[in-house]
Amino acid sequence: HIAADNPDGTLLSFVFDNKNDILYTAHRKSGSGANEITTIKKFLLDQTGSPAHILSNSKLLGHVQSLSLEYDSVGEAYLWTSDANGTGLSRIIASNLSVDASYPNILPSGYSEIVPYVSTNGKYLVARGKKNNTNRIFVYKLSDLTDLIYEFDLNADQNITSTHTFKGIL
């Protein structure tokens with residue numbers, strides 16, 4: 001039971017690796033904002049319905065609002081999430097939950113609260129950023145995160161306020 005095996009705080013996000021039957025979860029452990037410590041947990045899901053906890057790793061990642069999964073060209077799995085300052089990204093090696101790479105300040109100036117997702121075809125990184133209560137979607141080539149290929153405002157709620165922040169992309 002994942003909730004019973006959670007001394008690491010509030011569940012913030014999760015992603016399922018259906019190739020390997022692995023569930024990854026992100027939990028707020030301590031701190032807040034740029035000083036927030038997040039625990040990433042890895043569970044093997046079997047046919048019994050009881051997830052087996054495999055590995056945990058606590059990192060200074062900030063408020064992890066999303067986890068996304070990428071497979072590279074040789075099938076290795078990576079997790080993508082926000083970084084501690086909320087304007088950049090962290091790429092995490094799924095096998096050992098260590099940070100593989102950091103991409104600070106990927107969002108344009110003035111944007112924050114990044115929520116990244118890897119496209120289902122593995123070619124793009126789609127990220128939401130927020131500025132002045134406006135959500136904006138940024139699309140980058142995953143092979144070159146300096147290549148911003150598309151951006152647009154997304155105001156799904158005409159009465160959007162700071163308490164109604166768009167969080168999900170798929």
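Being a predicted model, the structure only gives us computed values, none of them experimental. We're numbering straight along the sequence, starting at 1.
Side chain of S68 to main chain of V118: a donor-acceptor pair is present (N/O by atom type, distance under 3.5 Å, no hydrogens or angles). In terms of modelled atom types and a separation under 3.5 Å, the side chain of N57 and the main chain of L97 share a donor-acceptor contact. Between the S13 side chain and the A26 main chain, no donor and acceptor come within less than 3.5 Å of each other. Although no hydrogens or angles enter the test, the distance criterion places no donor-acceptor pair under 3.5 Å between the side chain of R128 and the main chain of Y117.
To the nearest 0.5 angstrom, S90 atom OG is 11.0 Å from L67 atom CG. Atom CG of N105 and atom CG of D83 lie 7.0 Å apart (nearest 0.5 Å). With rounding to the nearest 0.5 angstrom, the NZ atom of K41 is 12.5 Å from the CD1 atom of I54. Distance check: I114 CD1 to F138 CZ gives 8.5 Å after rounding to the nearest 0.5 Å. Atoms NZ and CG, on K130 and L107 in that order, are 13.0 Å from each other to the nearest 0.5 Å.
Partners of N132 according to the side-chain hydrogen bond (donor to acceptor under 3.5 Å, both in side chains) rule, which considers only residues two or more places apart in sequence or in another chain, do not exist here. Applying the side chain to side chain contact (heavy atoms under 4.5 Å, CB included) rule to K131 yields the partners Y111; only residues at least two apart in sequence or on another chain are considered. Residues satisfying the side chain to side chain contact (heavy atoms under 4.5 Å, CB included) criterion with F14, sequence neighbours excluded, are L23, T25. Under the side chain to side chain contact (heavy atoms under 4.5 Å, CB included) criterion, S112 pairs with T87, sequence neighbours left out.
Nearest heavy-atom pair, S56 versus T39, reported as atom, atom and distance to 0.1 Å: CB-CG2, 4.1 Å. The two residues N20 and L44 have their closest heavy-atom pair at O-CD1, 4.0 Å. For S119 against N121, the heavy-atom pair with the smallest separation is OG-OD1, 2.6 Å. S95 and K42 make their closest contact through O-NZ, 3.2 Å (heavy atoms, listed as atom of the first residue, atom of the second, distance). Contact between L145 and L89 at its shortest, heavy atoms only, is CD1-CD1, 4.3 Å. The shortest non-hydrogen separation linking H53 to F43 is CA-CD2, 3.7 Å.
Placement of I93 and L125 in two distinct hydrophobic clusters is found when ILVMFWY residues are connected by side-chain heavy-atom separations under 4.5 Å, directly or transitively.
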Only pairs under 3.5 Å count here: list side-chain donor-acceptor contacts from residues 74-82, not counting sequence neighbours, and write none if there are none.
unit_1	atom_1	unit_2	atom_2	d
W80	NE1	E70	OE1	2.8
T81	OG1	S66	O	2.8

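With contacts defined as side-chain heavy-atom distances shorter than 4.5 Å, the pair L148/Y140 qualifies. Using a 4.5 Å heavy-atom cutoff, the side chains of F16 and L45 are in contact.
Residue pairs meeting the salt bridge (Lys or Arg N to Asp or Glu O under 4.0 Å) criterion with at least one partner in residues 93-108, sequence neighbours excluded, are R91-D100.
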Query raised in the report: Yes or no on side chain to side chain contact (heavy atoms under 4.5 Å, CB included) for I92 and Y24, after CA distance, side-chain angles and deciding distance?
Result: CA-CA 11 Å; I92 299 167; Y24 298 93; over 6 Å; no
